[in-house]
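Input: a single structure, listed below in structure tokens.
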Amino acid sequence: MDFKKVEKKWREKWSKSKIFETDVDQKKKKFFTSIVIPYVNGRPHIGHSFTNTRTDVYARFKRMQGFNTLLAVGFHATGEPIVGAVERLKKGDKTQIETFKMYGATDKDIKDFIVKGPKFVANYWMNKFVGDFNSMGYSVDWRRRFVTAITPSFNRFIEWQYNTLRKKGYVIQGTHPVIWCHHDQSPTGDHDRLKGEGESPTEFALMKFRLDEGEILPCATLRPETIYGVTNLWINPDAEYVGAKVGKETWIISRESVQKFRDQLKSVEVGATISGADLIGKYVTNIVTGNKIIILPGKFVDASTATGVVMSVPSHAPYDYVALKELQGNENAMKEYGLDSNVVKGIGPVSVIKLEGYGDHPAIEISEKMGIQSTAETEKLDDATSVIYKKEYHTGVLKGICGRYEGKKVSEVKDLLIKDFVNHKLADTMWETSNPVVCRCTNKCHVKILENQWFLKFSDKAWKDKVKQCIAQMKFYPEEVRLQFLNTVDWLDDKACARKSGLGTRLPWDKEWIVETLSDSVIYMAYYTIAKTINKKKIPYEKLTDDVFDYVFLGEGDIKKIGKTAKLSEMLIEEMREEFEYFYPLDMRNSAKELVPNHLTYALFHHVAIWENPRYWPKAYSVNGFVTVSGEKMSKSKGNILPLASLIEKYGADLVRITITTSNENVDDADWKEDSLKTFSSRLEYLENLVKEYKKAKRKSVNNLDKYLESVVETSIKGATENYEMLKFRSGIQYVAFQLLGEIRHYIERNGSIKNCNKILLQEAVSTAVRLLAPFTPHLGEELWEKLGNKKFVSLGPWPTYDERRIDRAIVELEQISKKLQDDLNNVLKLTGEKKNAYLYFVTDKELDYFKESVEYLRGLFNFKKLEIYKASDAKKYDPEGKASRAKYGKPAIYLE
RNA sequence: GCAGGGGUCGGAUAGCCUGGUCAAUUCCAUCGGCUUCAGGGGUCGAUUGCUUAGUGCAUACGUGGGUUCAAAUCCCACCCCCUGCACCA
């Protein structure tokens with residue numbers, strides 16, 4: 001069949017007849033779902049299509065079942081990527097140009113992108129999306145589309161959403177540490193990093209040491225308990241330090257760290273520059289213990305990390321021990337910095353922590369065991385540090401030297417120590433990452449505390465409980481993901497919901513903030529219900545006041561007053577209200593698993609916050625995995641991204657649809673294999689052929705085989721319907737493409753030829769197969785449906801119904817016995833070689849009767865001259881070797897000669 | 001570190017929650033036969049070993065142990081793999 005021609009034909013018919021434009025119909029039950037709003041900085045590839053096609057298949061299934069089904073699609077442009085892409089294009093970035101070109105942008109388009117900017121880019125790709133979705137045969141009501149951040153009335157809707165949330169106390173303001181790029185003046189997310197993926201801001205204790213002159217040298221550490229074992233400080237002699245006024249104190253810190261403190265809400269007045277070398281040899285007081293210790297040179301000290309001042313605890317820190325030993329063995333270095341070698345050599349480790357399995361100085365032990373010779377062996381040192389740190393943290397106990405903290409476990413006392421030290425002004429704290437983070441712009445990042453940031457108060461216990469209540473009444477496919485949602489709700493903390501850059505809607509009460517992407521795409525499904533009216537009547541956004549939305553979505557207020565102040569006709573307001581009331585809630589949301597811990601969960605938070613009444617909460621979530629291509633992850637670098645358009649061009653939409661949707665049905669990754677495409681291609685051809693041939697069936701009488709076929713049809717309908725219902729498309733399609741079609745083939749073969757088949761039953765079987773496949777292969781479905789003599793669209797049903805009573809279990813069992821008997825005959829013949837005559841002995845009359853109809857078929861199948869059947873108890877039977885005695889029910893005895 | 005998921009006969013998947021009917025589902029792959037079939041067609045058979053007139057036995061479901069008349073399925077320990085951890089779509 002010419003798939004492309006057929007697909008074009010039906011796409012046009014659908015579009016002309018508008019059957020996918022869904023309006024309120026109070027007489028019919030509705031079904032509302034939407035495709036997860038795609039981000040338009042490119043074009044759909046096979047990855048999107050897995051999730052999206054599953055959604056369309058489900059919508060089509062529901063539509064065929066008779067639901068007034070609305071499948072809505074909008075588009076997403078909120079955030080940074082589109083803006084970023086345009087920026088990169090301006091700089092002539094090759095990868096960006098290639099990416100866009102791969103999706104079909106021309107040189108001229110690229111020029112337009114640069115000149116006309118982000119909104120143009122978004123609209124450009126949106127149109128491509130619409131085209132591709134249509135080519136795929138998605139049954140979308142396009143009257144309801146919009147683009148977030150770009151469609152003004154949608155932005156108005158988001159303003160209403162945030163005003164409402166704020167009124168209810170769900171939006172709060174606060175400070176928050178983020179990893180910050182000073183160069184870009186923005187937070188640096190994981191994906192924006194050249195180095196340091198997975199790093200997050202950590203609060204370090206800042207231990208203070210005082211020079212005799214009064215200046216403070218602050219050392220950042222995660223191990224404040226080791227303050228009792230500090231033997232010296234390390235300063236990088238080559239680095240530049242500054243004296244800086246911090247509060248009432250003067251600190252000596254590396255020049256690089258000044259900006260950090262400023263970004264962490266400390267006022268820092270920079271004074272004199274001090275070279276690291278000048279500090280070497282001076283003494284400071286450990287203000288916790290009162291001990292005097294010396295400052296030593298350490299070139300390994302990174303001035304850009306923390307404060308550039310490091311405290312040395314050789315007993316418990318491998319780096320410090322190795323560095324100290326290195327210096328003690330280096331007379332030249334000591335001389336160079338004017339150090340008294342006797343003093344340096346006199347420094348010995350001070351033990352602070354008792355650690356099982358180790359002696360007094362775990363760091364020394366492990367360094368020696370690992371044979372670490374110099375501070376240059378950073379890999380080994382990092383390992384050693386990590387081992388000691390973990391072990392001491394979990395099992396170490398503080399010794400007597402720690403005064404009132406003696407006998408406490410490190411893990412128990414750490415927080416208390418920091419608190420005590422800070423309270424007594426012996427220490428401060430600062431934010432830093434454990435490992436360096438480098439921004440894509442190659443700048444080194446540090447932690448900044450953002451002020452006046454707006455948050456969604458996801459930590460709110462009552463809010464969480466409500467979400468859990470929502471989860472309890474929802475359906476999940478597969479059921480296992482319910483747990484993931486519950487866990488997400490538990491660990492979710494306050495979520496920053498606004499940024500200062502990118503596309504988006506401004507917070508109505510604080511215009512310098514823009515609502516962030518994951519926060520403006522959580523209740524947009526509600527907007528679909530009213531988008532039709534807004535788009536059709538071109539309602540200007542100013543008329544969509546908060547009062548209007550309150551009335552439409554919440555049923556609050558007096559419509560007469562609202563209409564007057566908003567200058568909007570009451571009728572239109574009522575129309576929107578009716579649409580919302582009819583279509584809401586969302587009956588099914590299908591999505592990829594990556595959205596479980598964010599978008600899908602946030603959507604629940606927002607729904608329960610805005611709509612108190614559970615009637616409006618989402619009904620069901622379905623989650624699927626990602627798509628790999630022949631076992632490999634799709635990525636730009638591997639060059640294996642498969643744009644949807646090129647696949648449709650190559651194979652036609654129906655084949656792509658059925659192959660991708662049945663490639664997997666749980667949350668594991670789905671693999672796109674061209675091999676499976678072949679399988680379906682031949683199955684569909686066979687079905688097509690059946691539609692051509694079925695009319696040749698002439699028989700009117702009904703025999704056992706017909707009853708068998710009838711039973712198989714019923715089982716297939718049942719199996720397919722039940723599995724589709726749970727979006728288990730792979731299992732469902734097995735009933736149709738493999739079981740049902742296979743059994744039809746078997747049926748025709750058993751009848752000898754199509755001509756001998758029962759006319760009505762064969763037609764019914766074929767018609768059933770066409771319909772059960774139609775959600776997957778809608779174009780072919782329409783074509784075959786038409787060829788079967790139907791006048792209406794198969795897309796509108798009716799879905800085949802099933803009746804358990806039509807399944808004749810006895811007949812099914814007997815046919816299975818027959819298949820098994822064939823196997824047995826085969827086996828015996830293989831062992832004995834060819835035989836002329838066959839004799840079969842049955843225990844029951846039931847079997848004997850059934851096989852009477854099959855004698856000729858079996859004889860022909862094995863080329864026997866003669867095939868006779870007997871009841872095993874028959875006295876007159878022919879049975880020279882007494883085989884009949886071995887017959888059992890379901891296993892007739894065999895004699896061959 | 002915190003949280004979740006998983007390791008099944010060449011590949012991919014089902015079954016395990018509610019132990020036995022599981023040598024284990026289904027698709028694919030490979031090999032062989034057939035179909036006047038020649039190269040993305042259909043169909044039948046084989047793909048742990050031995051044995052056999054359609055059978056039976058022994059090994060098999062990450063590793064090691066346990067519970068039980070009986071375990072892929074329940075319990076314990078261990079090894080390995082994957083995913084998410086936020087201001088980013």
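In what follows, chains carry the letters A, B, and so on, assigned in the order in which the sequence lines appear, proteins first and then strands, with residues in each chain numbered from 1. This one's a predicted model, so the numbers in the text were calculated from it and none came from an experiment.
Look at the P atom in both B:rC74 and B:rC80: the space between them is 23 Å, to the nearest Å. Rounded to a whole angstrom, the distance from the C1' atom of B:rA71 to that of B:rA23 is 15 Å. Taking the C1' atoms as reference points, B:rG62 lies 16 Å from B:rG5, given to the whole Å. Nucleotides B:rG66 and B:rC50 place their C1' atoms 32 Å apart, quoted to the nearest Å. Using P as the reference atom, B:rU48 and B:rA60 are 15 Å apart when rounded to the nearest Å. Annotation: B:rU26 and B:rC78 have their C1' atoms spaced 33 Å apart (nearest Å). Distance check on atom P: B:rC28 versus B:rU18 gives 34 Å, rounded to whole Å. For B:rA12 and B:rC82, the P atoms lie 14 Å apart once the distance is rounded to whole Å.
Checked against a 6.0 Å centroid threshold, the rings of A:Phe729 and A:Phe776 count as neighbours. Separation of the A:Tyr870 and A:Phe842 ring centroids does not fall under the 6.0 Å cut-off.
Applying the 4.0 Å criterion to OP1 and OP2 of B:rC28, one finds that A:Thr679 has a side-chain N or O inside that range. Taking side-chain N and O atoms only, A:Lys728 has no distance below 4.0 Å to OP1 or OP2 of B:rA14. A close approach under 4.0 Å does not occur between any side-chain nitrogen or oxygen of A:Ser521 and OP1 or OP2 of B:rA89. The shortest distance between the side-chain N/O atoms of A:Arg745 and the OP1/OP2 oxygens of B:rG42 is not below 4.0 Å.
The cationic atom of A:Lys593 (NZ for Lys, CZ for Arg) lies less than 6.0 Å from the six-membered ring centre of A:Phe626 and within 45° of the ring axis. In this structure, A:Arg859 fails the cation-pi test against A:Tyr857, since its NZ or CZ atom is not both closer than 6.0 Å to the six-membered ring centre and inside 45 degrees of the ring normal. Stacking of A:Lys500 on the aromatic ring of A:Trp513 is recorded, both the 6.0 Å distance cut-off and the 45° axial limit being met. Note that A:Arg683 lies outside the cation-pi zone of A:Phe738, set by a 6.0 Å cut-off to the ring centre and a 45° limit from the axis.
Between the P atom of B:rU26 and the CZ atom of A:Arg683 lies a distance of 13 Å, rounded to the nearest Å. The interatomic distance linking A:Arg193 (CZ) with B:rA86 (P) rounds to 8 Å, in whole Å. One interatomic measurement links the two molecules: OH of A:Tyr651 to P of B:rG40, which rounds to 14 Å at whole-angstrom precision. Separating the CG atom of A:Leu677 from the P atom of B:rA12 is a distance of 20 Å, rounded to the nearest angstrom.
Applying the Watson-Crick and G-U wobble criteria (two distances, each under 3.5 Å), B:rA29 pairs with B:rU47. A 3.5 Å limit on both hydrogen-bonding distances identifies B:rU8 as the Watson-Crick or G-U partner of B:rG15.
Comparing B:rA89, B:rA86, B:rC87 by their closest approach to the side chain of A:Leu518 singles out B:rA89. Here the side chain of A:His76 is nearest to one of B:rA89, B:rC27, B:rC87, namely B:rA89. Nearest to the side-chain atoms of A:Ile894 among the listed nucleotides B:rA53, B:rC27, B:rG41 stands B:rA53. Among the nucleotides B:rA86, B:rC87, B:rG40, the one closest to the side chain of A:Trp491 is B:rA86.
The residue A:Asp490 sits apart from the nucleic acid: no heavy atom pair falls under 4.0 Å. Across all strands shown, A:Leu595 has no heavy atoms under 4.0 Å from either base or sugar-phosphate atoms. The residue A:Pro892 sits close to a base: some heavy atom pair falls under 4.0 Å. When heavy atoms are screened at a 4.0 angstrom cut-off, A:Ala498 is found touching no nucleic acid atom at all. Within the 4.0 angstrom heavy-atom criterion, base atoms lie near A:Lys891.
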